Structures are given as structure tokens and as C-alpha cells.
Number of protein chains: 2
Amino acid sequence: MIDILKSHIERLLNRTLPENNYEFFSNLLFEKSFDKKDLIVEEGKQCNHIYFVTEGTCYLSITDEKGEEHAMQFALEGYWISDLYSFFSGKKAIYSVKALEPTKVLMLNRDSFQTVCDTLPAFDRYFRLLLQNAFIALQYRLAKTNSEDAEHRYNEFAKAFPQFIQRVPQYLIASYLGIKPQSLSRIRKDASFRK
Amino acid sequence: MIDILKSHIERLLNRTLPENNYEFFSNLLFEKSFDKKDLIVEEGKQCNHIYFVTEGTCYLSITDEKGEEHAMQFALEGYWISDLYSFFSGKKAIYSVKALEPTKVLMLNRDSFQTVCDTLPAFDRYFRLLLQNAFIALQYRLAKTNSEDAEHRYNEFAKAFPQFIQRVPQYLIASYLGIKPQSLSRIRKDASFRK
DNA sequence: CTTTTTTATTAACGTATGTTAACTATTGTT
DNA sequence: AACAATAGTTAACATACGTTAATAAAAAAG
């Protein structure tokens, strides 16, 4: 069951890991379960872990001054999620992570992260590749946010992430796209008319 | 003159590099100069380098289907810039990089990047830290794009990056903020009234 | 099953930003 | 210095999306 993570690592590194490397790493992980609606990371508190989802769904969000929540990222089985700002700086979290379903994660704390990166260069490489991909995807998403209208963005999202359309409530998808739920409703209705 | 990069690396790693480590790395770099308006990276062609700016300014942009250009990132002395999508995948660039002033860069090609990361784990670490910071900043920028109006975003930008306000034309700053130059003009006028 | 809570829909109206177009200011070129 | 090209401003009008509010549908809880 932990092996979904091992194969994730080996796929990114494009090679198999020596068994003792992975063992060293996996001994630093803790398993934890959350109920639906539980907060995995809470804004205002230090976020001392990164989380690898092995079961369930959750999402990262930020709350603005008006008290409105904005979904930034969704995660299901095989995704890492956390407030990286807080994790890497040690400052208070500006994001929250909340479970959308009963969710199981493998968690790695800051010290263990440092240890594994210092001890096994393969893990520095692994996390670099993760961040590389995340950065490229995020930059592309921002480009689309600044150039396409909400309908186009919704269609691209639905095509790229059909699993999220299934498992994430529509008001959070609207929020992720940078619009209100009413607007997404309107967009979907207009689209269904045109069919 | 190359040492602006060395100190950049040592600042991120939070330690001094063995002199032979840096020498190994810097021998893989090429220096190149561009005139104002030159394309450093051209959309549609492979982007085979990452660029560290030692002099001048340039910016990364993407052109949408309607032919409109969207500024994604600015870089002046001490910044890395490139189309990382193309650089890491080997596919055709979807972004361009263009000089806004006469600009000097140190460039590192894909093979050399691989070599230095494979040979010196410190560089995997360095590029992980770079990407980490870039990801965190980009995620925050997207959060603001989805939650604040253009006036607020402009004010935050001007405060955080006064150098760019000096050296980058206003229509590119508008584009970076996700609005049209006319809108930024209006915002600035309204603000000056309220003073 | 029934009730309550949460999520989604719809419609009328408001607003920030886009569009078009004309004009001015600035910068670069001969 | 004169001219051309680029960048910035302004204003009238258009539009995508936000706001408010009422209702309906679906999911969770008793």
C-alpha cells in the first residue's frame, strides 16, 4: 500500500531505487487518516509536513480578507499536497488543506525531509523533479487564467482532470477557476444549450 | 563578473561552495549578449538553455490564439529565466523571452544541466531550492489574481518590485497583471485623484 | 423515511475590465 | 532638427462575471 509512493518516485527518477534507499525514506513517513471535512493543514498554524495522498481527496485553499475561500489545488491518490510556503519557511500557514472524502496520507516532516535530502541525493533530485513539473503546470495555468475566459478554462480543466469533476463539488471547481459558483452554473447551462 | 551567480548559489544553499565545484559548473556556462528587442527564446523553437541575467532586463511571455502577448515573468540582474517547459521536455517552446534592454546572460544547456546535477548533488539541491521559491511565489501570485482586483495587484506589484516599475514598459506590467494597458492607465489615474 | 444541511440553479441587476478610437507624449532614426 | 514609431492617456460604450436573492436538488443526519 505504501508502494504507490515508491512507484511514483521511480517513475519520476526514471529508474528503480535501491531497496535500502526506499526503506530509509519510508521509515521516516507516518500514516494518518482523516474524516471528510477534517483540516489536514490549518491556516495560521505552522505546517510541518508534506502529505502524499494514498486514499481519498483533499484540496488546498487560501482565504482572502473578505473571508472568501479560494481553492488552489486538488489532490487525490498519488498527489503530494501541503502549504509549501509554511513547510519550507517554518512560518504560519497561509493556506489550509481540507479532506473532501475520508482520506489517508503518508506524511513527512521538515526534519525528515532535510535528512532524506541530505543523506540520499536521489531525493533532492526527486523533489526537484516534482517541483519542476508543478512549476511548469502552475505557470501554464496562470497563463490561461490571464488569457482565456472562464468557459474555456472550465472545458480545459474538465478534459485534463475528469477525476476531479467527479469527486470535487462544483463550487470548489468554480473557485479553482477564479469564478463564483453561480457563474460556473451559467457557463454549464449555456454550453448545454449549444449542444 | 561571473561571481554574481556564485554568490546567488551560495546564498540559496546557505553555505560556500568548494572552489572546484563552482569551477566545474562555470566551465559549462556560456556568456552571450543581446540587443534591446532581441529574442533570447523563441516560441515554436526548442529552448535548449536556461539563462542567468548578469546585465539588462528581459521578460517571458506567451502568445494566445488571438495573437495577444501575455507577460509571465520579468528578469533583471540576478534572475534565471527560460521556457522551462521546453527546456525540460525538449519540446518546442510555448513561451518567448525578449530583451527589454541590452542584456548579458550566462547560459547553461540541457546536457550541461544534467551533467552538473549528476556530478554535484549540491546543484540538484540548488535548483530544487530555486524551483521551490519560484513555485511558492507563483502560487501566491495566482491566489492574488483570483482574489484581488487589478488595482490591488498593481499596488502590491509596485511595492514588491519597484525596479520593474522603473525598467519595464507599462503595457507589459498591465499584461503581467492580466489586464489591458488602458485599464492600468485608468487605475493609475483614479489612484492619483484619491491622493 | 423525514428533516436538515449542503450544493446547485436561475434571473435581474451591478461593476470591473475590455473594446474602440482618437489624441498626446516619448523615444528612436535619418 | 524633423520625422516616424512606440508608448501612454482618455472617454464612450460593450461584456463577462459578480451580487443578491429566491428556489430546487441532492446529500447527510436523525
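Every chain is numbered from 1, with letters handed out A, B, ... down the list of sequences. These figures come from a predicted structure and were not determined experimentally.
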### Query
Would you call B/E10 and B/R15 a salt bridge, taking side-chain N to carboxylate O under 4.0 Å as the test?
no
### Message
To the closest 0.5 Å, what do you measure between CD1 (B/I9) and CG (B/N21)?
### Response
10.0 Å
### Query
Just by modelled atom types, is the B/E43 backbone N or O under 3.5 Å from a matching donor or acceptor in the B/S96 side chain?
yes
Taking only N/O atoms, report every protein-nucleotides 15-19 of chain D pair under 3.5 Å with atom names and distance.
from   : atom 1 : to     : atom 2 : distance (Å)
D/dC17 : OP1    : A/A150 : N      : 2.8
D/dG18 : OP2    : A/K180 : N      : 3.1
D/dG18 : OP2    : A/S183 : OG     : 2.5
D/dG18 : N7     : A/R186 : NH2    : 3.0
D/dG18 : O6     : A/R186 : NH1    : 3.1

### Task
Using the test ring pair (Phe, Tyr, Trp, His ring centres under 6.0 Å), find all partners of B/Y171 that sit at least two apart in sequence or belong to another chain.
none
### Query
Does the distance from a Lys or Arg side-chain N to an Asp or Glu carboxylate O, for B/R167 and B/E77, drop under 4.0 Å?
yes
### Message
Considering every strand and a 4.0 Å limit on heavy-atom distances, what is the contact class for A/P169: base, sugar-phosphate, or nothing?
### Response
sugar-phosphate
### Message
Can you tell whether the side chains of B/R153 and B/E156 come within less than 4.0 Å, N to carboxylate O?
### Response
no
### Query
Does a side-chain heavy-atom distance below 4.5 Å link B/M107 with B/F52?
no
### Query
Centres of the B/F87 and B/F127 rings: under 6.0 Å?
no
### Value rounded to 0.5 Å, distance of CZ in B/R188 from CG in B/N155
10.5 Å
### Task
Walk along DNA chain C from 5' to 3' and tell me the first and last nucleotide with an atom closer than 4.0 Å to a non-hydrogen atom of chain B.
C/dT17 to C/dG28
With 3.5 Å as the limit, what N/O pairs link the protein to nucleotides 26-30 of chain D?
from   : atom 1 : to    : atom 2 : distance (Å)
D/dA28 : OP1    : A/K36 : NZ     : 2.6

### Message
For the aromatic rings, using the six-membered ring if either is Trp, is the centroid distance between A/Y85 and B/Y140 under 6.0 Å?
### Response
no
### Message
Would the distance check show the side chain of A/D124 and the main-chain N or O of A/P121 forming a donor-acceptor pair, the cut-off being under 3.5 Å?
### Response
no
### Message
Quick check on the helix from C/dC1-D/dG30 to C/dT30-D/dA1: what's the angle between its two end axes, five base pairs per end, to the nearest 10°?
### Response
50°
Using a 3.5 Å cut-off and no angle test, enumerate the donor-acceptor pairs between side-chain atoms of residues 112-119 of chain B and protein atoms at least two apart in sequence or in another chain.
from   : atom 1 : to     : atom 2 : distance (Å)
B/S112 : OG     : B/N109 : OD1    : 3.1
B/Q114 : NE2    : B/D118 : OD1    : 3.4
B/Q114 : NE2    : B/D118 : OD2    : 3.4
B/T115 : OG1    : B/D111 : O      : 2.8
B/D118 : OD1    : A/R125 : NH1    : 3.3
B/D118 : OD1    : A/R125 : NH2    : 2.7
B/T119 : OG1    : B/T115 : O      : 2.5

